[in-house]
Chemist: 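Questions regarding the structure given below will be posed in turn.
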Protein chains: 2
Amino acid sequence: MKVTVKDIARTAGVSQSTVSKVLNNYAQVKESTRKKVLKAVEELGFVPDLVARSLVMNRTGTIGLIVGDIANPFFSETAKVIIAEARKSGIDVILSDTDYRSELMEMAVKNMLARRVDGILISAVDRKDTFTTDLYKKGYPLVLFNRHPDSDLVNYIVLDNGKGSRLAVNHLVQLGHRRISFISGPLQFSTFHHRYLGYKNAIQEHNIPYIEEFVFDGDPSYESINDYLKELLNKDEKPTAFFAATDQLAIHVMDALARMGFNVPLDFSVIGFDNIDISSNPHINLTTVSQNKKEMAKLALEKLLALIDEGEIPEQPIHITLEPKLIIRKTVGVNYEQFHYETPRGEISLSEG
Amino acid sequence: MKVTVKDIARTAGVSQSTVSKVLNNYAQVKESTRKKVLKAVEELGFVPDLVARSLVMNRTGTIGLIVGDIANPFFSETAKVIIAEARKSGIDVILSDTDYRSELMEMAVKNMLARRVDGILISAVDRKDTFTTDLYKKGYPLVLFNRHPDSDLVNYIVLDNGKGSRLAVNHLVQLGHRRISFISGPLQFSTFHHRYLGYKNAIQEHNIPYIEEFVFDGDPSYESINDYLKELLNKDEKPTAFFAATDQLAIHVMDALARMGFNVPLDFSVIGFDNIDISSNPHINLTTVSQNKKEMAKLALEKLLALIDEGEIPEQPIHITLEPKLIIRKTVGVNYEQFHYETPRGEISLSEG
DNA sequence: CTGAAAGCGCTTACAG
DNA sequence: CTGAAAGCGCTTACAG
């Protein structure tokens, strides 16, 4: 049934070794025997068995990609880049989806190791993860991207999330906002943790008091955010702007605000983070902080492939930080109120003199 | 370095065969030797090499999934279901992305065959594809879903796309629309082909003349659709409603209309197809035809797994057709104009008598 | 209930 | 330039 090297050898009248040599482009093969072998390959429709080859070469030509949620645009768009680039090197990708659960991540990794993938790429570890650092210490080719654990003893490529938050807060402050609410996802992930820290630092730099009620990091569902906003907007001290740690969250905020009858940006300003595809839709038009996720993905794969090829443990773990960018669209407005109430260093009162 | 069955055998003081037997839960193993082996496995941290096992068992425990564009929500959401379900059977998924190009699909399939995946799932063939039918004839476990080739000699699970179009057109007609433009993707894909045919049949059933200028199936980019609409809306004979063959296209239509200053649904009605996640967003709120893509994906995997397990070619190819559903939201309005101009069978003139 | 031997389909020193 | 032999890490008749 199945055509093997043995069959080729027999019909070409040479040995298995010779067949293998022409298949692998060894230089020292006489042109006439090369032709004989190739002819047999053609005739019998021979396709080398990659499983057998993997076993003997100690290399499968596959890598594992572990994502948090492939239905989330961030993960699927980065996966696309990785699959396409890997293919260029003849490498296939085994995909795992963890639903953001760390037990599932560990299981996926263990399974991939048993499958002997040549290396692993992970875009969704949580901060307290130590499994990946163990793997790093063993010298296993592994590159994290997007998120990293608290331990630095592992290779990773991430966005400068703190800087991204600073960009967002500065933009808001420049337009007169000083009461800025921060809507975050779970702080157990480094992305949110650093976005939160960046928010906190940025408002401090502007001498804006940190108000605990302005920070939300609970269940990131629409309902939960809606409840939070209702309560918040009933208080005396209301924010004038919302900085959401993801575009998805920003859109939830905008939806909730719209249902309460508010206009964005006239009543409240909203700024997001991630610049997912929907955000540029004219019906949404969200001002946001963008990251070059494709570059991140490409870089992660590149580093992983280098690690695999070198076959040796680098002295230092690889740590790369990418730059965020502010994308100004239509959801942030000027807070005139602010310019009237407080006239810091007299910028506004100038016109009165 | 690497711990193998041999190592376990030696430290447990048994033979390789015995180790293999306890690893694979053979009944006839004495409890005491089973324990000895398990202890050695534990101590040495042994993990069976799945590549070696694959070679001898003639089964890799992997399947190939070939999609048109993993960054497209349809493909990523179905991929998620497939990966999760496959995992429950201990099966891993190798993912390929074809960018809708059939050469890349063929290459992906060939590569997966060389990798000896146990079966293949494809959600993006084009109508003229014959490669998959060849594979089917060879008895290779293969299930297509979402799209199918013109040839019926292959297993597939698809939506009843013609019926979906009928649902959309009927809804529009019930609300008084008779001039309905159809905005389609490339007709080389069975999905669009059947949605187009369904549109054509449905308007015929309502005695609505087919107007060629009302049908668009060119480049599905925003710009191209915008150009088409501009030209169309300059003509004397304008549609009152747009039926788009995907939600993505419907959103393009709505964006273009909004930019021209029109209101949906007051000036024009729009209906989509697919019910992707964004469509339910309160800012979009698109009326659309929905398909249960998760069920489709699950079913496709189920059938594939059955095909793999049976190991024999079924008499007849598997053909399953799923039912579409109309989801009414806010983008379709009543065409009052229609009720005034024509008063078919006097429904409207009644009030005058 | 257990073990010796063969084999899955390749590649790679090694010898000639 | 070519071939015989060993081996990658497992499983599976087969014999005992």
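Just the heavy atoms: all of them, side chains too, but no hydrogens, waters or symmetry mates, feed the values below. Sequence lines set the chain letters: A, B, ... in the order given, protein chains first and strands last, and positions in each chain run from 1. Please read these numbers as outputs of a predicted model, since none were measured by experiment.
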Chemist: Rounded to the nearest angstrom, tell me the gap between atom CD in Glu31(A) and atom C1' in dC1(D).
Modeler: 13 Å
Chemist: Atom CG of Asn24(A) to atom P of dA13(C): distance rounded to whole Å?
Modeler: 12 Å
Chemist: Answer yes or no: does a side-chain N or O of Tyr26(B) lie under 4.0 Å from OP1 or OP2 of dT12(D)?
Modeler: yes
Chemist: Without decimals, in angstroms, what is the distance between Arg59(B) CZ and dC10(D) C1'?
Modeler: 17 Å
Chemist: Do NZ/NE/NH1/NH2 and the carboxylate oxygens of Asp150(A) and Lys128(A) come within less than 4.0 Å?
Modeler: no
Chemist: Within the 4.0 Å heavy-atom criterion, would you say Lys6(A) contacts the bases, only the backbone, or no part of the nucleic acid?
Modeler: nothing
Chemist: Quick check: are there more than 12 heavy atoms from other residues, nucleotides or ligands sitting under 6.0 Å from NZ of Lys293(A)?
Modeler: yes
Chemist: Can you check the Leu55(B) CG to dC10(C) P distance for me, whole Å?
Modeler: 9 Å
Chemist: Would you write out the dot-bracket form of DNA chain D, 5' to 3', with Watson-Crick and G-U pairs under 3.5 Å, [ ] for crossing pairs, | for pairs to other strands and . for unpaired bases?
Modeler: |||.||||||||.|||
Chemist: Which of residues 8-20 of chain B have a heavy atom under 4.0 Å from DNA chain D?
Modeler: Gln16(B), Ser17(B), Ser20(B)
Chemist: Report the distance from atom CE of Met57(B) to atom C1' of dG7(C), rounded to the nearest whole Å.
Modeler: 15 Å
Chemist: Using a strict heavy-atom distance below 4.0 Å, which residues from residues 40-54 of chain B are in contact with DNA chain C?
Modeler: none
Chemist: Does atom CD of Glu42(A) have more than 12 heavy-atom neighbours, drawn from other residues, nucleotides or ligands, at distances under 6.0 Å?
Modeler: no
Chemist: More 5' along DNA chain D: Val5(B) or Ser32(A), using each one's nearest nucleotide?
Modeler: Ser32(A)
Chemist: Rounded to whole angstroms, how far apart are CG on Asn58(A) and P on dT11(C)?
Modeler: 14 Å
Chemist: Given atom CG of Asp7(B) and atom P of dC10(D), what is their separation to the nearest angstrom?
Modeler: 9 Å
Chemist: What is the distance from NZ of Lys21(B) to P of dC10(D), rounded to the nearest Å?
Modeler: 16 Å
Chemist: Using only side-chain N and O atoms of Thr33(A), determine if any of them is under 4.0 Å from OP1 or OP2 of dT2(D).
Modeler: yes
